[in-house]
Amino acid sequence: MPTPSPARVHDCTVVANEPIARDVFALRISAPALASGLEPGQFVNIAVPGNAMSLLRIPLSYAAADAEAGTIDIWYAVVGEGTERLSRMQPGDSTTVLGPGGHGWTIPEGCRRALLVAGGIGVPPVLCLARELAQKGIPYTVCIGAATADTLVGEHEFEEAGSPVISIATDDGSAGYHGFVTDAAERVLELEGDTFDYVATCGPEPMMAKVSAAAAHAGVSCEASVERMMSCGFGACATCAVETTGGMKGACMCGPVFDAKEVVW
């Protein structure tokens, strides 16, 4: 476990906050020092004003960080009172954000090709990884899924990042393959498993468990970015425990990205 945590509190200002899909928003904040220090797969904890009774920050992954502009793009789903308040923040509003949190993706040395599998609002950290792979010249295939077409995010952004293949799946068949994104990922691994060195996944836990099992069956290294309520963000509160083969570990310090074979699904 890294000690001490690299997370620090940064002042930030809202630059934009707009819906990009049903109940999904894209928040852009200005936080120059933090933007220059984030690595793909890490997270931030943002304080959302408007409710004096709510003392906890909201932990969120990020979709992009622009060190030159000093901005961070955060995609989030409106799923409760806190994120609903977050969706009401307007350009010019100010707050504070804690970060960088945890550790991110670990691309294997000598990686020749990667498979990226993201579901729902699990797209942002995987999208950050896609850009890093592109910078390193490592080809990758993307499988993204959502419940319905109007909740799907990331398709165009992956294309802009240079994704050569994008397999889309929706639970209701309203976009792409009618079924689960895990089905698409399993087919890719069955047909081309020997061409991949690395699988990275983020999304609902049952989805990640199936992707992890498929990667293990294909003999491919796999990492998963887990979702937990990382209340404090620096390992003090023990609210974000993940059961692993090595015991309980805090997602905010030992994750949120874990070696998938070590997670007890």
Side-chain angles (χ1 to χ4, degrees), residues 5-102 104 118-128 131 146-148 150-157 160 202-203 225 227-234 237 239-240 251-252 256:
S5 168
R8 300 291 184 271
V9 174
H10 302 261
D11 293 328
C12 68
T13 304
V14 174
V15 176
N17 194 20
E18 300 289 342
I20 57 173
R22 178 163 56 88
D23 297 328
V24 180
F25 280 69
L27 170 70
R28 176 169 291 176
I29 58 173
S30 176
L34 181 56
S36 64
L38 281 169
E39 297 179 358
Q42 290 186 307
F43 71 97
V44 299
N45 265 18
I46 188 166
V48 183
N51 183 352
M53 298 296 291
S54 181
L55 303 178
L56 300 178
R57 296 173 181 270
I58 297 177
L60 297 167
S61 56
Y62 75 100
D66 187 328
E68 185 174 343
T71 58
I72 302 165
D73 292 349
I74 300 167
W75 297 357
Y76 63 96
V78 178
V79 294
E81 189 270 341
T83 47
E84 196 280 327
R85 277 187 287 115
L86 182 59
S87 72
R88 298 201 303 266
M89 295 189 74
Q90 298 295 316
D93 289 348
S94 60
T95 185
T96 61
V97 60
L98 178 75
I121 202 60
V123 164
V126 178
L127 179 58
C128 288
R131 295 194 184 99
T148 60
D150 62 356
T151 61
L152 182 71
V153 296
E155 179 182 0
H156 301 303
E157 288 78 7
E160 290 172 356
C202 184
S225 178
E227 180 178 320
R228 292 291 187 275
M229 187 58 195
M230 296 174 282
S231 301
C232 71
F234 48 82
C237 68
T239 61
C240 62
C252 71

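Each residue takes its place number in the sequence, starting with 1.
Annotation for Glu157: atom CD counts as buried by contact number, over 12 foreign heavy atoms lying within 6.0 Å.
In terms of heavy-atom proximity, Ala35 sits nearest to Thr71 at CB-O, 3.7 Å. Nearest heavy-atom pair, Ile74 versus Ser61, reported as atom, atom and distance to 0.1 Å: CG2-O, 3.5 Å. Across Val15 and Ile29, no two heavy atoms sit closer than the pair CG2-C, 4.1 Å. In plain terms, the two heavy atoms of Pro256 and Gly41 that are nearest each other are CG-O, 3.4 Å. When every heavy atom of Ile121 is checked against every heavy atom of Ala77, the shortest pair comes out as CG1-N, 3.9 Å. Scanning both residues, Arg131 and Ala63, for their nearest heavy atoms gives NH1-O, 2.5 Å.
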#### Entry: Test side chain to side chain contact (heavy atoms under 4.5 Å, CB included) applied to Arg57 and Val9, step by step
CA-CA 11 Å; Arg57 296 173 181 270; Val9 174; 4.0 Å; yes
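With contacts defined as side-chain heavy-atom distances shorter than 4.5 Å, the pair Met229/Pro59 qualifies. When side chains are defined from C-beta on, Phe43 counts as touching Cys252, because their heavy atoms get closer than 4.5 Å. With a 4.5 Å cut-off on side-chain heavy atoms, Tyr62 and Val44 do not count as touching. At least one side-chain heavy atom of Leu27 sits under 4.5 Å from a side-chain heavy atom of Val14.
For the atom pair Met89 CE and Thr95 OG1, the distance stands at 5.0 Å (nearest 0.5 Å). We find the CG-CD distance between Leu60 and Glu227 to be 9.0 Å, quoted to the nearest 0.5 Å. Going from atom OG of Ser87 over to atom OH of Tyr76 covers 5.0 Å, rounded to the nearest 0.5 Å. For the atom pair CD1 of Ile20 and CG of Leu152, the computed distance is 10.0 Å after rounding to the nearest 0.5 Å. Taking CG of Asp150 as the reference point, atom CG of Asp23 lies at 8.5 Å (rounded to 0.5 Å). Considering CG of Leu98 and CD1 of Ile46, their distance stands at 11.0 Å, rounded to 0.5 Å.
Using a distance-only test at 3.5 Å, with no hydrogens or angles considered, a donor-acceptor pair links the side chain of Asn17 to the main chain of Leu86. Of the possible polar contacts, one joining the Arg85 side chain to the Val48 backbone as a donor-acceptor pair under 3.5 Å is found. Between the side chain of Ser225 and the backbone N or O of Cys202 there is no donor-acceptor pair closer than 3.5 Å.
Every pair passing side chain to side chain donor-acceptor pair (under 3.5 Å) that includes a residue from residues 24-43 is listed here, sequence neighbours excluded: Arg28-Asp73. Contacts classified as salt bridge (Lys or Arg N to Asp or Glu O under 4.0 Å) and involving residues 6-21 (residues at least two apart or in different chains) are not found.
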